[in-house]
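Order of the sequence lines fixes the chain letters, A, B, ..., with proteins taken first and strands second; residue numbering starts at 1 for each chain.
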2 protein chains.
Amino acid sequence: MARQREHQASPLHAYRALKQRILSMSLTPGSSLGEQRLAAELNVSRTPIREALVRLASEGLVELIPNRGAFVAPIRTEAVIAAQFVREALEVSIALQAAERIDAHGELRLRQAIEEQRLADQEGRAGLFYRADEQMHRVIAEIAGLPLVWEHVLEAKVHLDRVRTLSLQDARSFSVLIGQHESIVAAICARDGGQIQQSLRNHLRQVLPNLAGLKEEFPDYFLDDDQHPD
Amino acid sequence: MARQREHQASPLHAYRALKQRILSMSLTPGSSLGEQRLAAELNVSRTPIREALVRLASEGLVELIPNRGAFVAPIRTEAVIAAQFVREALEVSIALQAAERIDAHGELRLRQAIEEQRLADQEGRAGLFYRADEQMHRVIAEIAGLPLVWEHVLEAKVHLDRVRTLSLQDARSFSVLIGQHESIVAAICARDGGQIQQSLRNHLRQVLPNLAGLKEEFPDYFLDDDQHPD
DNA sequence: CTGTTCCAGATTGCATACAAAAATACAATA
DNA sequence: TATTGTATTTTTGTATGCAATCTGGAACAG
C-alpha cells in the first residue's frame with residue numbers, strides 16, 4: 001500500500017488526474033464517476049475523491065447529483081459562448097493595459113515567448129507549443145500588472161478546452177497561430193489600441209471551433225435547454 | 001438531534017452560513033475555522049464542514065493550511081484590484097452587447113428595476129436596495145443574452161464585497177447610486193457605446209472605496225506580499 | 001540570559017463504518 | 001404481455017476513529 005509521504009497530496013492528485021482526463025475528453029460527458037471505483041483506481045479512500053469531485057463541480061466540469069452520484073458535465077453551448085465572451089473581454093482589456101505599461105524588458109519577454117513557440121513548432125511538439133502559447137498570454141497579463149486576472153481567464157477557459165479537444169485542430173500547423181501572436185505582440189509594442197483589439201479578437205475567435213458542427217458530430221456530449229423541440 | 005430531512009443539505013448550509021459571515025465581516029480575516037468547533041456549532045460532523053471549507057477555499061475566501069487548519073483569508077489588495085478590473089471589463093462588455101439587443105420589453109424591465117430601488121430607498125431598507133441593485137446588473141446581462149457571464153462577475157465580486165462592507169458606505173443615501181443607474185440605463189437605451197462605458201465605469205469606481213485608507217484603518221485584515229519593508 | 005530540544009496538546013488527513021436513498025431485478029397479478 | 005409492488009443491491013451522505021503533523025511552551029544546555 002503506497003503510503004503518501006506528503007499530506008494533502010491525495011485530493012490534489014485526484015483533482016488533477018480527473019481534470020486532465022475530462023479536459024482531454026478521455027472521460028466523456030455523462031460518464032459516471034463512482035466514488036468507490038475512482039478510490040480503488042487511485043489507491044485512496046473515498047474521502048479525498050469526494051474532495052476532488054466537489055472542487056471539480058464548483059468549476060462546472062462535474063455534475064454532482066444528490067444520492068445519485070457524480071457525472072462528467074455535458075458541454076453546454078451557452079457556457080461555451082459565455083466563456084468565449086469572458087475570455088475575449090478580459091484578454092482585450094488586459095492587452096490594452098499591457099500596452100500602457102510595457103517596457104523594453106517586457107518586449108523582450110514577449111519575443112522570447114514567440115521564439116519558444118517557433119522552436120516547439122519546428123520540433124513538432126504539440127504539447128510544448130500549447131504550453132508556450134498559454135505562457136505568452138500569461139506574460140501579457142504580468143506585463144499589465146494583473147497576473148491574478150489571468151486566473152479568472154483560466155477559469156473560463158476550462159469550458160473552451162473540451163470543444164477544442166474535440167475539434168482536434170491542434171494538429172494543424174502552428175505557423176498560422178504564431179503569425180497571429182506576432183501581430184498581437186507588434187500591436188502591443190506599437191501601443192495601437194485598435195490594432196490590439198482587432199488582432200487579439202481575431203486570434204481568439206480562430207481557436208473557437210465550429211460549435212454547430214461539433215454539436216452535430218457529437219450530439220451525446222452536448223446538452224442545451226432547448227434539447228428536443230420536436 | 002435535529003435530523004436533516006433533505007440529503008446533502010448540511011454542506012450547502014455550512015457553505016452559505018460561512019460565506020455570509022465572511023462577506024459581512026462577521027468572521028474577520030485570520031479567524032480560525034476549526035472543523036471541530038464549526039461541526040459542533042452547526043450540529044453536524046466534520047465531513048460536511050470540510051466540504052464547505054474546500055468550496056470556500058477554491059473561491060479564495062478561506063485559506064486551507066495543511067495540518068494547521070482553515071482560516072478566513074486576508075484581504076489582498078492585489079486580488080481586490082484584479083476583481084475590480086474583471087468586473088469593469090465584463091460589465092462594460094455586457095452592457096455594450098445589451099445595447100445591441102435590447103428591445104421594448106428589456107427597457108421596461110430596466111425601468112422596473114430602478115423603480116424597485118427607489119422604493120427600497122424611500123423605505124430605507126438597505127438590504128432590499130442591495131438586492132435590487134444586483135438584480136439590475138443581472139437583468140442587463142440577461143438582455144445581452146449572457147446570463148452565465150454574470151456568474152463570472154459574481155465570482156470576482158466576492159473579493160470586493162468585504163472591502164465594501166468595511167467602508168460601510170451603504171449607509172449613505174442611495175439616491176446618488178440611483179442617479180448613476182439611471183444614466184447607465186439611459187445610455188443603453190440610447191445605444192450610445194461611449195456613454196455606456198463612461199457612466200458604467202464611473203459607477204463601478206464609485207462603489208470601490210478608498211483602499212489605502214481602509215488598509216490603514218484595519219491593517220490586521222489586509223495582507224500583501226510587500227508587507228513589512230522596513 | 002539565550003538558543004535548542006523535546007514533549008503534551010490540539011488539529012488535520014485519511015480510512016472506514018453505518019444508515020438513508022436510489023436503482024435494479026424479479027415475481028405476482030391483471 | 002404489460003404493469004406494479006417488493007426485495008435486493010448498489011451508491012451516496014455522514015459520523016467517527018486513528019495516525020501524522022504542527023504549535024507552544026517547558027526544561028535544559030551553553
Side-chain angles (χ1 to χ4, degrees), chain A residues 1-19 21-22 27-74, chain B residues 1-19 21-22 27-74 220 223:
Chain A
M1 194 87 63
R3 281 276 188 72
Q4 300 289 349
R5 289 259 154 241
E6 298 181 21
H7 262 242
Q8 218 179 29
S10 309
L12 197 64
H13 176 62
Y15 167 78
R16 289 195 176 134
L18 287 174
K19 186 167 181 175
R21 283 180 205 164
I22 292 174
L27 281 170
T28 58
S31 301
S32 164
L33 299 172
E35 297 179 1
Q36 204 100 253
R37 197 170 49 75
L38 293 175
E41 214 165 296
L42 297 176
N43 270 326
V44 293
S45 79
R46 284 173 50 212
T47 310
I49 296 293
R50 175 162 271 268
E51 198 161 309
L53 291 176
V54 167
R55 284 185 62 185
L56 289 167
S58 80
E59 290 181 44
L61 288 179
V62 160
E63 272 190 5
L64 227 43
I65 300 176
N67 286 316
R68 292 237 332 165
F71 303 87
V72 177
Chain B
M1 196 88 60
R3 282 274 187 73
Q4 300 290 351
R5 290 257 154 243
E6 298 181 22
H7 262 242
Q8 217 181 30
S10 310
L12 197 64
H13 175 62
Y15 168 78
R16 287 192 177 138
L18 286 174
K19 185 167 181 175
R21 282 179 206 163
I22 292 174
L27 281 171
T28 58
S31 300
S32 165
L33 300 172
E35 296 179 2
Q36 203 96 255
R37 197 171 49 75
L38 293 174
E41 215 166 295
L42 297 176
N43 270 326
V44 292
S45 80
R46 285 171 50 210
T47 309
I49 296 293
R50 174 161 273 268
E51 199 160 308
L53 290 177
V54 167
R55 283 186 62 184
L56 290 167
S58 80
E59 291 181 43
L61 288 179
V62 160
E63 272 190 5
L64 228 44
I65 301 176
N67 288 314
R68 291 236 331 157
F71 303 86
V72 178
D220 294 350
L223 176 69

Asker: Could you tell me how far apart A/Leu64 (CG) and D/dT11 (P) are, to the nearest whole angstrom?
Answerer: 16 Å
Asker: I want to check something: taking the side chain as every heavy atom from C-beta on, are A/Arg55 and A/Leu12 in contact at a cut-off of under 4.5 Å?
Answerer: yes
Asker: Mind checking side-chain contact (heavy atoms from CB on, under 4.5 Å) for B/Ala14 and listing every partner two or more places apart, or none if nothing turns up?
Answerer: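 With neighbours one apart ignored, the set is B/Leu42, B/Ile49, B/Ala52.
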Asker: What pairs of nitrogen or oxygen atoms, one from the protein and one from nucleotides 16-18 of chain C, lie under 3.5 Å apart?
Answerer:
residue	atom	partner	partner atom	Å
C/dT16	O4	A/Thr47	OG1	3.4

Asker: To the nearest Å, how far apart are B/Glu35 CD and D/dG17 C1'?
Answerer: 14 Å
Asker: Measure the distance from CG on A/Asn67 to C1' on D/dT12 and round it to the nearest whole Å.
Answerer: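 Checked: the CG to C1' distance equals 6 Å.
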Asker: Using whole Å, what does the distance between atom P of nucleotide C/dT11 and atom CG of B/Leu53 come to?
Answerer: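 Taking CG of B/Leu53 and P of C/dT11, I get 14 Å after rounding.
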Asker: State which residues pass salt bridge (Lys or Arg N to Asp or Glu O under 4.0 Å) with B/Glu35; sequence neighbours excluded, sorted by chain then number.
Answerer: B/Arg46, B/Arg50
Asker: Could you state the atom-to-atom distance from CG of B/Leu42 to C1' of D/dA15 in whole Å?
Answerer: 15 Å
Asker: Name all residues meeting the side-chain hydrogen bond (donor to acceptor under 3.5 Å, both in side chains) criterion together with A/Thr28; count only those two or more places apart in sequence or in a different chain, and write none if there are none.
Answerer: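 Scan of A/Thr28 (side-chain hydrogen bond (donor to acceptor under 3.5 Å, both in side chains), adjacent residues dropped) gives A/Ser31.
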Asker: Under 3.5 Å, which N/O atoms of the protein pair with N/O atoms of nucleotides 7-10 of chain D?
Answerer:
none

Asker: Do B/Pro48 and B/His13 come close enough that some side-chain heavy atom pair is under 4.5 Å?
Answerer: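 Sidechains of B/His13 and B/Pro48: no contact.
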Asker: Measure the distance from CD on B/Glu51 to P on D/dA15 and round it to the nearest whole Å.
Answerer: 11 Å
Asker: Taking atom C1' of C/dT12 as reference, at what distance in whole Å does atom CG of B/Leu38 sit?
Answerer: 13 Å
Asker: Among the nucleotides D/dA15, C/dC14, C/dT12, which one has an atom lying closest to any side-chain atom of B/Val44?
Answerer: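 Out of D/dA15, C/dC14, C/dT12, the nucleotide with an atom closest to B/Val44's side chain is D/dA15.
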Asker: Could I get the full list of side-chain contact (heavy atoms from CB on, under 4.5 Å) partners for B/Phe71, not counting sequence neighbours?
Answerer: B/Ser32, B/Ile65, B/Arg68
Asker: Taking the side chain of B/Gln36 as its heavy atoms from C-beta onward, which of C/dT12, C/dA22, C/dC14 lies nearest to it?
Answerer: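 Nearest listed nucleotide: C/dT12.
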Asker: For A/Ala70 and A/Val62, work out which heavy atoms get closest and say how close.
Answerer: CB-CG1, 4.0 Å
Asker: Between D/dT21 and B/Arg68, is there an OP1 or OP2 to side-chain N/O distance shorter than 4.0 Å?
Answerer: no
Asker: Not counting sequence neighbours, which residues clear side-chain contact (heavy atoms from CB on, under 4.5 Å) with A/Arg21? List them please.
Answerer: A/Ser26, A/Leu27, A/Glu41
Asker: Got a sec, which residues hit side-chain hydrogen bond (donor to acceptor under 3.5 Å, both in side chains) with A/Gln36, two or more places apart in sequence or on another chain?
Answerer: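 Checked A/Gln36 against side-chain hydrogen bond (donor to acceptor under 3.5 Å, both in side chains); zero matches.
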